[in-house]
Amino acid sequence: DVKVTQSSRYLVKRTGEKVFLECVQDMDHENMFWYRQDPGLGLRLIYFSYDVKMKEKGDIPEGYSVSREKKERFSLILESASTNQTSMYLCASYLNRGDQPQHFGDGTRLSIL
Amino acid sequence: KNEVEQSPQNLTAQEGEFITINCSYSVGISALHWLQQHPGGGIVSLFMLSSGKKKHGRLIATINIQEKHSSLHITASHPRDSAVYICVLYNNNDMRFGAGTRLTVKP
């Protein structure tokens, strides 16, 4: 079974802090994704990566950056956290084959005070 | 118009009822994915399909590529089926998410 592990289930940070959210997958998937989920807005793609050191902006990249130094790890970085970044963050990974689903982590509920 | 629309947005059912959740879309796709998200936030992959029908336990997913429509059915629904169900469209590396259907099954 694919395992996608996010480093924290709950996180509380202060405005202006630099925040790191980590995601690790154990199935050698090429593609990894970071989403945020807010009430009434569904899942929105922030960034994705299709290979080591490669990254692509999703629908809402502003205020975020990412790092993919190793295939199994995809980090989301909030350079200077703001209260409007309070959200549920979900990481997913995906083998680049049309018949394979995405696998999601359990999510990190991030609160910015 | 949204490229992917789910209906209904919210659904309340009594235990044992047959449930249907719909996903209609307006773009070409290579596959469609049904996800289940429980109140705690964790997301589970249910089905990935590009044609026909798939069944797993009490869950059945169908897709009609010509009509650009997919349905997720739950037979003999149970309170533990209460969750948000999300359809996701795939076309190469592009993905589009439905807004989700919130299902509540009452005992």
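Reckoned from all heavy atoms, side chains included, excluding hydrogens, waters and symmetry mates. Every chain is numbered from 1 and lettered A, B, ... according to where its sequence line falls, protein lines coming before strand lines. Values in this document were obtained by computation on a predicted structure and should not be read as measured data.
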* To do: Using a strict cut-off of less than 4.0 Å between a Lys/Arg side-chain nitrogen and an Asp/Glu carboxylate oxygen, indicate whether A:Arg68 and A:Asp51 qualify as a salt bridge.
  => no
* Asked: B:His73 and B:Phe18: aromatic ring centres closer than 6.0 Å?
  -> yes
* Contacting moiety of B:Gln37, where chain A heavy atoms sit under 4.5 Å -> side chain
* Side chain from CB out, backbone as N, CA, C, O: work out which of these in A:Arg9 comes under 4.5 Å of a heavy atom of chain B, or both, or neither. => side chain
* Do the non-hydrogen side-chain atoms of A:Lys57 and A:Tyr47 ever get within less than 4.5 Å of each other? -> yes
* Asked: Once the angle between the rings of A:Phe74 and A:Trp34 is folded into 0 to 90°, is it parallel (under 30°), tilted (30 to 60°) or perpendicular (over 60°)?
  -> tilted
* Which atoms of A:Leu41 approach chain B - backbone, side chain, both or neither, heavy atom under 4.5 Å -> neither
* Structural part of A:Gln37 lying under 4.5 Å from a heavy atom of chain B -> side chain
* Would you confirm whether the ring centroid of A:Tyr35 sits within less than 6.0 angstrom of the ring centroid of B:Phe97? => yes
* Asked: Side chain, backbone, both or neither: which part of B:Leu35 has an atom under 4.5 Å from a heavy atom of chain A?
  -> side chain
